[in-house]
There are 2 protein chains.
Amino acid sequence: MQKQTKNDPSGGNSDLARQRLLDAAEKLFVSEGYDGTSVRAITELANCNVAAVNYHFGTKDALYKQAVTRRLHMLRDYRVNSIDQLMEAGPENIPLEKLLEVFARAFLEPLLNDETGPAIIQLMHREILDPHLPTDTFLDEIFLPVANAIKSALQAVCPYLDDKNALLIVHSIVGQLVHIVQMVVLLSGSSFVTDNPKESIEEHVKHIVHFTAVAIRSYQNHPEGGQL
Amino acid sequence: MQKQTKNDPSGGNSDLARQRLLDAAEKLFVSEGYDGTSVRAITELANCNVAAVNYHFGTKDALYKQAVTRRLHMLRDYRVNSIDQLMEAGPENIPLEKLLEVFARAFLEPLLNDETGPAIIQLMHREILDPHLPTDTFLDEIFLPVANAIKSALQAVCPYLDDKNALLIVHSIVGQLVHIVQMVVLLSGSSFVTDNPKESIEEHVKHIVHFTAVAIRSYQNHPEGGQL
DNA sequence: GCACATATTAAACAACTGTTTGAAATATGT
DNA sequence: ACATATTTCAAACAGTTGTTTAATATGTGC
């Protein structure tokens, strides 16, 4: 992309400006939301003229959609691929804890990544609260694919889980993981001193894996779950 | 409030307009967010003049703070009181499942209430994403009081839980409960037909109670949790 | 009924918003 | 170097925003 091919009539500089606009837009949509972000703020951060948004993307809304969609697909692919790769070892060779840990880390990858932090997941939260994508995009293009991937994997590793219980368990796992992100966001604006945020996240991940594994194993003897 | 006392010099009509503005503001802040809600939209919904916000509240921001804070305190008090009332029966008389169920229902009360639905909890999500309250208000005035109440109650009912594990478990419970709300919000804008949303919520609550109880009991023999 | 306090109101204000427009600059192919 | 395509740009536009202002209407106490 730094190299400009002489055959490309659409111009490399155009791609650079587009990229800068997408990156700037993403950053501002994360921190200010859609309505709180102006086209002028985006173009100033991207070092572009205010009309560049309309030239390259048509409208602010279309820019938003592209900024969100590229991240949404990235998150889905990373999460689904992580599960698929693990499952290549064969379900009988995969400890439940391992599956849960791989999923948790894949789910939280942007958060665990120093460069991105909670931003991308936070952008997804915003899209849920204020949807701008076409109806059901979030469900169809990230939530359901990821949920189905981990659900199938759970059922392969724990064949005693029926469809209904497996899905309920997926919701429990996702809820716990999302909560970590929300706590990070909440504490990031806080005057509380966190000793070591990364260590705290690791601790939560470890807890969730164990907590969840125990509960799942209880379904082996009790399809209704929860009885000891 | 329908009766106007002759002794009240601040005027009943003023309280009526204030109330209408708060209610209208809340409704719009829930659905459109802070930046997506204009003063004109609020005053139109409240059947007031646009300057009424400034007269009664000073600024749009101050109106927002009051609208959010009144609900935040309401949620906290309901949750904490539900736990406290249950604990009056004495921890030795309270099954763990009962405690978890009471907490879950108290936590989700607005959602379970046909009049409010997920709106109020959604308003809290928005405040986390776009804080307008003074720093740490959300933490200090709802999250921590509620977390501490359920943490103490859990430790009273399950004395084998130490501080660290109890807190991690509280996070797991809250994460699962918050996730229900997020799913309701996500599906409310969806073309998916939900057979019976109330029944689905009940099912999730039942699952979370049992799922969580099993996992908690595992700490009895294994302070590190998670081992079977 | 009057004086004073309070609440409501329409108009005005400065600033901001996303978009459009046409000129100018730059890139590209021959 | 020229013709054409693409990109960038400043200015303009109509609409929106939260706030202020002063007049008017309403409420209250005596």
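Rounded to 10 degrees, the angle separating the terminal helix axes of the helix from C/dG1-D/dC30 to C/dT30-D/dA1, each built from five base pairs, is 20°.
No side-chain donor from either of A/Glu32 and A/Thr37 sits under 3.5 Å from a side-chain acceptor of the other. Side-chain contact annotation: B/His73 with B/Glu141, donor-acceptor N/O pair under 3.5 Å present.
For B/Ile42 and D/dG18, the CD1 to P distance is 8 Å, given to the nearest whole Å. In this structure, the NE2 atom of B/His132 is 14 Å from the C1' atom of D/dG18, given to the nearest Å. The interatomic distance linking B/Leu63 (CG) with D/dG18 (P) rounds to 11 Å, in whole Å. Between the CD atom of B/Glu32 and the P atom of D/dT17 there is a distance of 11 Å, given to the nearest Å. Look at CG on B/Leu28: it is 16 Å from C1' on D/dT16, rounded to the nearest Å. C/dA7 atom P lies 13 Å from atom CZ of B/Arg20, rounded to whole Å.
In this structure, B/His125 has its ring center no closer than 6.0 Å to that of A/His125.
Between A/Lys206 and A/Glu101, no side-chain nitrogen of the basic residue sits less than 4.0 Å from a carboxylate oxygen of the acidic one, so the salt-bridge criterion is not met. The pair B/Arg126-A/Asp130 counts as a salt bridge, with a side-chain nitrogen and a carboxylate oxygen less than 4.0 angstrom apart.
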>> Evaluate B/Glu26 against B/Tyr64 for side chain to side chain donor-acceptor pair (under 3.5 Å), listing each step before the verdict.
In response: CA-CA 8 Å; B/Glu26 173 186 303; B/Tyr64 171 84; over 6 Å; no
> What do the steps show when you test A/Arg76 against A/Asp140 for salt bridge (charged side-chain N to carboxylate O under 4.0 Å, His left out), and what is the final call?
Replying inline: CA-CA 11 Å; A/Arg76 177 200 62 202; A/Asp140 291 340; over 6 Å; no
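Judged by a 6.0 Å distance limit and a 45° cone about the ring axis, A/Lys65 is not positioned over the six-membered ring of A/Phe57.
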Just the atom pairs and distances: protein N or O near nucleotides 17-24 of chain C's N or O, under 3.5 Å.
{"unit_1": "C/dG18", "atom_1": "OP1", "unit_2": "A/Thr37", "atom_2": "O", "d": "3.4"}
{"unit_1": "C/dG18", "atom_1": "OP1", "unit_2": "A/Lys60", "atom_2": "NZ", "d": "2.6"}
{"unit_1": "C/dG18", "atom_1": "OP2", "unit_2": "A/Val39", "atom_2": "N", "d": "2.7"}
{"unit_1": "C/dG18", "atom_1": "N7", "unit_2": "A/Arg40", "atom_2": "NH1", "d": "2.7"}
{"unit_1": "C/dG18", "atom_1": "O6", "unit_2": "A/Arg40", "atom_2": "NH2", "d": "2.8"}
{"unit_1": "C/dT19", "atom_1": "OP2", "unit_2": "A/Lys60", "atom_2": "N", "d": "2.9"}

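The phosphate of C/dT8 has OP1 or OP2 within less than 4.0 Å of a side-chain N or O from B/His56.
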